[in-house]
*Asks:* 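My questions will all concern the structure given below.
Every heavy atom of this structure was used, including side-chain atoms; hydrogens, water molecules and symmetry mates were not. Both counts, for ligands and for their atoms, begin at 1 and track the order of listing.
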Amino acid sequence: MRFEETPLAGAYRVWPEPLSDERGFFARTACTDEFAAHGLVGQFAQSSVSFNARRGTVRGMHYSVEPHAETKLVRCTGGAIHDVLVDLRPDSPSYLKSFAATLTQDNRCALYIPAGFAHGFQALTDAAEVLYMIDRTYVPGSARGLRWNDPALDVAWPEPVTVIADRDLAYPDWTA
Ligand SMILES: Cc1cn([C@H]2C[C@H](O)[C@@H](COP(=O)(O)OP(=O)(O)O[C@H]3O[C@H](C)C(=O)[C@H](O)[C@H]3O)O2)c(=O)[nH]c1=O
């Protein structure tokens, strides 16, 4: 795998390195040793899938609070998404900065999202599917959120929002 830094400290694009032959290719998508060699969490306790029927759907921005803050490896396995991170770590040089990447079933790029980041995405196609690998089990009470259009965030969404959960619409403005 190839690890590409992003402008947000600790967050990476992770590119598979396909091993091709006449059948197609095989590629590693996660590896404890390779992640550890880059100082990253490489042990994952849960994997989840998110299916999004309609183009324009937004999920997030979500994060989880200590002691259950999650590190995630996120990839698009169907269609395409505009994937967005916001650094919420108060001591980080990129505090409250956002970063976005287009993840698609074809580019197979994943985003490594450390604990302390909010994460969200917008479906760029119908039937957009997202696969998560998460380093700890889900604890519902630890879930928090930022509103997709919070003025404190410099997040741009490429398309009109077509579907979004009421809970995601209801988050108050960010206060540190
Ligand atoms: C996140 C999660 C949810 N659930 C249950 C809770 C609800 O009954 C149902 C849907 O949950 P929710 O509406 O929170 O799903 P999303 O809005 O897609 O949340 C996710 O969206 C953003 C973009 C993320 O990065 C997180 O992975 C996660 O917060 O699945 C679980 O059982 N386990 C889980 O890990």
*Asks:* Anything under 3.5 Å between an N or O on ligand 1 and a protein N or O? List each pair with its distance, or write none.
*Replies:*
residue: ligand 1; atom: 14 (O); partner: Arg167; partner atom: NH1; Å: 3.0
residue: ligand 1; atom: 17 (O); partner: Arg167; partner atom: NH2; Å: 3.0
residue: ligand 1; atom: 18 (O); partner: Arg59; partner atom: NH1; Å: 2.9
residue: ligand 1; atom: 19 (O); partner: His62; partner atom: ND1; Å: 3.2
residue: ligand 1; atom: 21 (O); partner: His62; partner atom: ND1; Å: 3.2
residue: ligand 1; atom: 25 (O); partner: Lys72; partner atom: NZ; Å: 3.0
residue: ligand 1; atom: 25 (O); partner: His119; partner atom: ND1; Å: 2.6
residue: ligand 1; atom: 29 (O); partner: His62; partner atom: ND1; Å: 2.7

*Asks:* side-chain hydrogen bond (donor to acceptor under 3.5 Å, both in side chains): which pairs involve residues 41-54, sequence neighbours left out?
*Replies:*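 Listed by first then second residue: Ser50-Asn52, Ser50-Arg59, Asn52-Arg59.
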*Asks:* Are any of the side-chain nitrogens in Arg13 or Glu5 under 4.0 Å away from the carboxylate oxygens of its partner?
*Replies:*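 Here Arg13 does not pair with Glu5 in a salt bridge, since their nearest N and O are not under 4.0 Å apart.
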*Asks:* Is Asp91 salt-bridged to Arg89, cutoff N-O under 4.0 Å?
*Replies:*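 Answer for the salt bridge query: no.
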*Asks:* Side-chain donor-acceptor pairs under 3.5 Å in residues 125-134, sequence neighbours left out?
*Replies:*
residue: Thr125; atom: OG1; partner: Ala80; partner atom: N; Å: 3.1
residue: Asp126; atom: OD1; partner: Arg55; partner atom: N; Å: 2.7

*Asks:* Taking the side chain as every heavy atom from C-beta outward, state whether Trp148 and Val161 have any atom pair closer than 4.5 Å.
*Replies:*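 Touching, per the 4.5 Å side-chain cut-off.
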*Asks:* Determine all donor-acceptor pairs shorter than 3.5 Å in which one atom belongs to a side chain in residues 108-117; sequence neighbours excluded.
*Replies:*
residue: Tyr112; atom: OH; partner: Val41; partner atom: N; Å: 2.7

